[in-house]
Amino acid sequence: MSPKHVDYSLYLVTDSSLVPEGATFLGQIEQALQGGVTLVQLREKESDTGPFIQLALQVKQLTQKYNVPLIINDRLDVAIAVDADGVHIGQDDMPLHKARQMLGHKKIIGVSVNNIEEATVAIQGGADYLGIGAVWYTSTKQLKKQPLGVVGVQNILKSMESHPIPTVAIGGITPENTSELFVGSRTDKLHLDGFAIVSAIMASADPKATCARWIETIRADRAKLGIKEHTDVDDAVSFAIQAASNIKANSPMVHHITNYVVINDNANATLAVGASPIMSTNREEMEELAAVNGALVLNMGTLNDISTMILAAQANARHGNPVVLDPVGTGATQFRRTTTDRFLKECDLTIIKGNGGEILSMAGRGGRSRGVDSVGQTDEENAVLAVKELAQKHGCIVGMTGPIDYISDGKRVFAIENGDQLMPCITGSGCMATSVVACFAAANRSDYLLATVGGILTLNVASELAANRSEVHGPGSFRAALIDELYNITNSPSILKQYARIRVIA
Ligand code: 3NM
């Protein structure tokens with residue numbers, strides 16, 4: 001699960017000592033999940049390492065069943081041992097930079113803060129979210145500092161306005177005081193993203209009903225303030241337009257290790273959208289390039305030096321650069337399947353962008369490849385499950401291109417219906433889509449799902465504009481016109497609004 005898309009609305013923080021008689025710890029958590037908690041933190045201060053890991057694995061089974069991230073309190077070793085989605089650290093726990101070094105950029109790291117200075121340091125240090133507390137007195141934890149009250153929370157939010165990250169409040173929060181806290185703490189620009197709760201859920205006689213009512217209240221409060229719940233199509237198109245301008249403004253370097261059939265088209269597509277291509281394959285310079293890259297493309301078309309590709313991916317991930325895999329023809333041979341598995345295991349992939357045959361085959365949902373071409377079609381239900389499951393399994397964005405493109409972060413799924421039928425008639429149109437997606441990701445790191453949607457949308461709209469040109473009579477002239485239109489969109493991206501045919505599926 002990418003840290004960027006976590007729903008913090010109702011965050012359960014566990015405490016096994018509070019479970020009522022007749023109920024069980026896991027039962028309380030499962031009921032809370034059924035009621036709609038959006039995040040779970042396992043917080044067991046007294047547990048030894050072995051039993052903690054066993055418990056974490058049991059809780060992870062539950063959170064996975066309900067597709068909710070699992071965060072481990074304090075214990076990085078346990079978080080790593082069970083491959084949790086992240087860790088929550090207090091001011092006296094492992095320093096944030098050490099935790100990040102150990103967990104990498106794909107895991108969520110939350111930090112407890114009680115004042116403006118702690119919040120500033122945590123944000124500068126790269127925290128993914130802040131737990132602000134304690135808001136009120138609580139019998140669940142011995143507080144070392146005075147509770148903040150609603151105004152104290154608001155002061156911290158105010159101090160974050162120029163560099164916001166998600167926030168949850170914690171300490172003494174109940175269904176009865178949530179609205180007061182939410183409305184009272186908001187600033188002109190910011191509001192709490194959610195509420196972290198221990199006793200009011202763990203000690204509840206009916207956690208499912210408690211949580212279901214609670215999440216309703218939270219949503220109603222947001223609606224009253226006119227805060228939108230989910231990213232919609234308009235958001236995705238606006239993001240794409242801004243994202244296209246950002247590429248041109250920043251001209252990020254996009255390093256391709258790609259195949260020699262499409263290398264020239266990949267470089268030209270990259271230039272056309274305003275980024276700067278480099279197509280090096282020499283192992284000697286991978287590390288140095290990673291230090292200045294905006295993104296890395298790994299394209300499996302003509303696989304040669306796999307260990308250099310892995311080296312480059314690891315170096316780029318270390319520098320926080322998005323790594324985009326195009327698993328060309330992955331299902332076609334055993335060698336390609338094995339190599340794909342190596343990439344999945346050894347590289348910290350940000351985005352996988354493949355055609356229907358490739359993505360369905362990786363998801364075990366029936367895709368086939370003949371050579372590097374996609375074979376066969378699938379219904380929408382299967383396609384949606386394929387991108388969603390694959391994204392969840394590998395904690396990255398998955399984009400599947402075809403007559404309709406499906407893109408998911410494991411939770412949300414977008415479908416793009418743009419594109420022209422001449423696209424599959426030129427070699428490497430899918431590889432070009434991957435290049436453009438990498439350019440979007442390089443210059444728009446705040447939301448890789450929307451960056452992927454933006455990249456695929458841009459190429460598809462360019463293909464429609466190219467096919468409609470009077471001088472385009474077939475694949476050859478279409479190929480040249482496609483580069484022209486990519487370039488034109490980059491210079492006036494608002495045209496995307498007029499052409500975009502996007503749906504949000506989930
Ligand atoms: N952290 P309840 S307060 C775990 O201030 C925890 O950082 C706090 O429990 C902080 O929801 C707290 O039962 C306990 O009041 C919150």
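One-based numbering, in listed order, for ligands and for the atoms of each.
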Would you please write out the protein residues whose heavy atoms approach any atom of ligand 1 to under 4.0 angstrom, listed by chain and number?
Arg43, Gly133, Ala134, Thr138, Thr140, Lys141, Ile170, Gly171, Gly172, Ile197, Val198, Ser199
With sequence neighbours left out, write down each residue that passes salt bridge (charged side-chain N to carboxylate O under 4.0 Å, His left out) with Glu417, or none if nothing qualifies.
Arg503
Name all residues meeting the salt bridge (charged side-chain N to carboxylate O under 4.0 Å, His left out) criterion together with Lys345; count only those two or more places apart in sequence or in a different chain, and write none if there are none.
none
Can you list everything that forms a side chain to side chain donor-acceptor pair (under 3.5 Å) with Glu117? Sequence neighbours excluded, please.
none
In Asp83, Asp128, Asp85, the residue satisfying salt bridge (Lys or Arg N to Asp or Glu O under 4.0 Å) with Lys107 is Asp83
Polar side chain donor-acceptor pair, Arg222 to Ser9, under 3.5 angstrom
yes
Are any of the side-chain nitrogens in Arg186 or Asp221 under 4.0 Å away from the carboxylate oxygens of its partner?
no
